[in-house]
There are 2 protein chains.
Amino acid sequence: MRRPTLEAVAARAGVSRATASRVVNGQTTVAPQIRDAVQRAIDELGYVPNSAARSLVTQRTDSIALVVSEPPTRVFSEDPLFSTVIRSASYELEAVNKQVVLMLASSAESHARVERYIAGGHVDGVMLISMHGADPLPSALSRLRVPVVSYGRPAVPVEIPYVDNDNVGGAETAVRHLVGLGRRRIATIAGPQDMIGGQDRLTGYRNVLHDSDHRSIVAVGDFTRESGAVAMRQLLRDDPSLDAVFVANDLMAVGALQSLRQAGRRVPDDVAVVGFDDIEAARYTEPPLTTVRHPIAEQTAAMVGLLLRLFGEGPAVPVILPTELIIRESA
Amino acid sequence: MRRPTLEAVAARAGVSRATASRVVNGQTTVAPQIRDAVQRAIDELGYVPNSAARSLVTQRTDSIALVVSEPPTRVFSEDPLFSTVIRSASYELEAVNKQVVLMLASSAESHARVERYIAGGHVDGVMLISMHGADPLPSALSRLRVPVVSYGRPAVPVEIPYVDNDNVGGAETAVRHLVGLGRRRIATIAGPQDMIGGQDRLTGYRNVLHDSDHRSIVAVGDFTRESGAVAMRQLLRDDPSLDAVFVANDLMAVGALQSLRQAGRRVPDDVAVVGFDDIEAARYTEPPLTTVRHPIAEQTAAMVGLLLRLFGEGPAVPVILPTELIIRESA
DNA sequence: TGCTCATGTGGGAGCGCTCCCCACCCGGAG
DNA sequence: CTCCGGGTGGGGAGCGCTCCCACATGAGCA
């Protein structure tokens, strides 16, 4: 009980394999009644082209891998980053008739499997999301002869076109806003320093403080809500007189707000708070969170565009998207 | 600049294509020094087998699709169900050298794409996670001539082997526990009734109440924390004298505990609470949550086993895994 | 010495498809 | 009536691989 082949379709329609192939691929040089006959045969037999045979000759698969090189705990968290990227990438690639294949690469073994899968020619290209410095995948994938683009600047210097948002600039704008508010002791809760976003946002904070002659007060979290709460308590112990805090992501900012409330500090009267990411929850905190928005969907679309340009042999240069300060009530 | 072929490897090693193929596929009938020569040629050329050509002849791809037919908001939520299934399925299939390809099918268009992808022979089999009654995928996939198994009983009657946990039995055990505690007015917060888990857990609740001559008090949530809080307030309005509540999942139970606290009810003294799922957070609620544990990883492993049996032409009968009542302090 | 037989190796077909190239048909022009 | 040319259709090669079968080689035994 084998699947019907193009040969069978052609025989049933009384035409050659070549003509049947033309109909399947929508070529216009086929006479209408022949086209109809072939179409009928296809429907009757339930014919579906064998993708292996097709891609053997075309050297294309029309599938794109989206490799998420993060531990599952982070991928499946409250942070909507990954779900937005996945949805948006699928949407963009559907428009050009390509299928997204999602692969999670957390452990060393899964890295190896992903690499083998891609080296085997299962996909035409790779979109990589990898935020950690120690990640071996960016360099490993760039060695394979496969078009690769990255969401976010790769942590290691490697020849991969990428799309990123302006983390440094966004952080600078946020801290400058706090300075403009007349705040004197501006602390920060930084993200993990083995992640590119964590590094860049801290750099932005430092740039502004340095220029404006403030002292920096730093605590480091790991981008989770809980770590934000812990870091905030730490900061309050370190410098009880602080009157502002720039938090490197909204999830930690939510935790920080909670710690501030427990410590009896009013926001923004006693302490102004600015977050980063503009997640959904930022609108519903008490008070609503001032934060830096970066356009995830646009960034993803730009990444897809970059990959398509790679297919077309066009030049693919890194893209940096601007961020926007969303002023609510917390600062 | 093409990828090297087996032909090239054979030529470089001074052997035939057949022998080179034997080495690549680890057959033992090759003389050691020839094996070494071929291996050296492979390494020098950086040869990787072309998967399209291979699967064209073997009729296998060694890839398995894991189709998650849920909206991304649910997949990427606090509920660790999906991340556990994905991780566990990958782990199990790695052991038999198969690659998991993850596909999200939320919209009607993505259903169509997934169907086409599978019909095109990209994968050897499909693991389906689909909880909603209206979902067209189970029947659509079962029509294709592809081995399909399901995580959870399909909502529509369809010829797909599945692995499920004993939702009805688990709910019965939970409610019987409340009855045994001497509780008289036992309410429930049910899950969405278009989902199989929501239905079954409500059935279990009704079975026990009916047998033990209690009155049923039902509110319906949608498995989110917030909906649990809302439903609990609703129940307290409906019947202020209730002294126990069975909640269809832990996330809603967390919300319910919050509402009970706000209403000034002590748990378990005034109101006993039992949840379902035994998520991580259930240990850290105040008080820790009594709940029904079902083994997600084991269920996933059983599902993988079912699929492998399908490949081996073995009989594949539905598997129902037992649940376990975890008694903590809330009931 | 001649035969068998196990062990390794090579030749070649064929998986299902696309696409190049050529043959054919028909209408219109000379 | 012949010839030409554009539009249609078919033949066939070949994508890179696996696997069946034939065959070479040398050890072991009569």
Side-chain angles (χ1 to χ4, degrees), chain A residues 1-39 41-42 45-63 97 116-117 119-124 145, chain B residues 1-39 41-42 45-63 97 116-117 119-124 145:
Chain A
M1 190 61 211
R2 271 278 235 304
R3 282 171 47 189
T5 69
L6 194 58
E7 188 84 53
V9 171
R12 188 181 188 97
V15 299
S16 75
R17 215 172 51 248
T19 302
S21 173
R22 287 187 190 99
V23 174
V24 170
N25 292 291
Q27 272 175 271
T28 51
T29 63
V30 181
Q33 73 269 27
I34 294 203
R35 168 190 305 277
D36 290 348
V38 172
Q39 193 56 56
I42 289 172
L45 294 170
Y47 170 76
V48 178
N50 179 317
S51 61
R54 175 176 279 178
S55 72
L56 180 58
V57 43
T58 59
Q59 309 277 10
R60 286 183 298 103
T61 64
D62 287 334
S63 301
N97 251 293
R116 230 176 311 150
Y117 189 81
H122 282 277
V123 295
D124 297 339
R145 310 250 163 195
Chain B
M1 189 64 212
R2 271 277 235 304
R3 283 170 47 190
T5 70
L6 194 57
E7 189 83 54
V9 171
R12 189 181 188 96
V15 298
S16 75
R17 215 171 51 248
T19 300
S21 174
R22 287 187 190 100
V23 174
V24 170
N25 293 293
Q27 272 175 271
T28 51
T29 63
V30 181
Q33 72 271 26
I34 293 205
R35 167 189 306 277
D36 290 347
V38 173
Q39 191 58 55
I42 289 172
L45 294 170
Y47 170 77
V48 180
N50 179 317
S51 61
R54 176 177 278 177
S55 73
L56 179 59
V57 43
T58 58
Q59 309 277 12
R60 286 182 298 103
T61 64
D62 287 336
S63 300
N97 249 293
R116 231 176 310 149
Y117 188 81
H122 282 278
V123 295
D124 297 340
R145 312 248 163 197

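In what follows, chains are A, B, ... by sequence order, proteins preceding strands, each numbered from 1.
- Put simply, the side chain of B:Gln39 reaches to within 4.5 Å of the side chain of B:Ile42, judged on heavy atoms.
- Here B:Thr5 contributes atom OG1 and B:Arg17 contributes atom CZ; the two are 8.5 Å apart, rounded to the nearest 0.5 Å.
- Using a 4.0 Å cut-off, no side-chain N or O of B:Thr58 falls inside it from OP1 or OP2 of D:dT18.
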Write out a two-atom table: protein N or O, nucleotide N or O from nucleotides 11-13 of chain C, distance below 3.5 Å.
unit_1 : atom_1 : unit_2  : atom_2 : d
C:dA13 : N6     : B:Arg17 : NH2    : 3.0

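- Here the straight-line distance linking atom CZ of B:Arg54 with atom CG of B:Leu56 works out to 12.5 Å at 0.5 Å rounding.
- Within the nucleic acid shown, A:Val30 comes within 4.0 Å of sugar-phosphate atoms alone, with no base atom in reach, counting heavy atoms only.
- Comparing B:Gln59 and B:Gln33 by the nucleotide of DNA chain C that holds the closest heavy atom to each, the one mapping nearer the 5' end is B:Gln33.
- Regarding A:Glu7, its CD atom lies at a distance of 12 Å from the C1' atom of D:dG10, rounded to whole Å.
- When the C1' atom of D:dC17 is taken as reference, atom CZ of B:Arg60 falls 12 Å away, rounded to whole Å.
- Residue B:Ile34 contributes atom CD1, which lies 4 Å from atom P of C:dT9 at whole-angstrom precision.
- If you measure from atom CG of A:Asn25 to atom P of C:dC19, you get 7 Å, rounded to the nearest angstrom.
- The phosphate of D:dC15 has neither OP1 nor OP2 within less than 4.0 Å of any side-chain N or O from B:Asn50.
- Checking C:dT18, C:dT9, D:dG9 against the side-chain heavy atoms of A:Arg54 singles out C:dT18 as nearest.
- Atoms CD (B:Gln27) and P (D:dT18) sit 10 Å apart, rounded to a whole Å.
- As rounded to whole Å, 14 Å separates atom C1' of D:dC17 from atom CG of B:Asp62.
- Rounded to 10 degrees, the angle between the two end axes of the helix from C:dT1-D:dA30 to C:dG30-D:dC1 is 60°, with five pairs used at each end.
- For B:Val57, whose side chain is taken as the heavy atoms from C-beta onward, the closest listed nucleotide among C:dT9, C:dC15, C:dG10 is C:dC15.
- Between D:dG10 and A:Thr19, a contact under 4.0 Å exists linking OP1 or OP2 to a side-chain N or O.
- D:dC19 atom P lies 12 Å from atom CG of B:Leu6, rounded to whole Å.
- The separation between A:Leu56 atom CG and D:dG14 atom P is 14 Å, rounded to whole Å.
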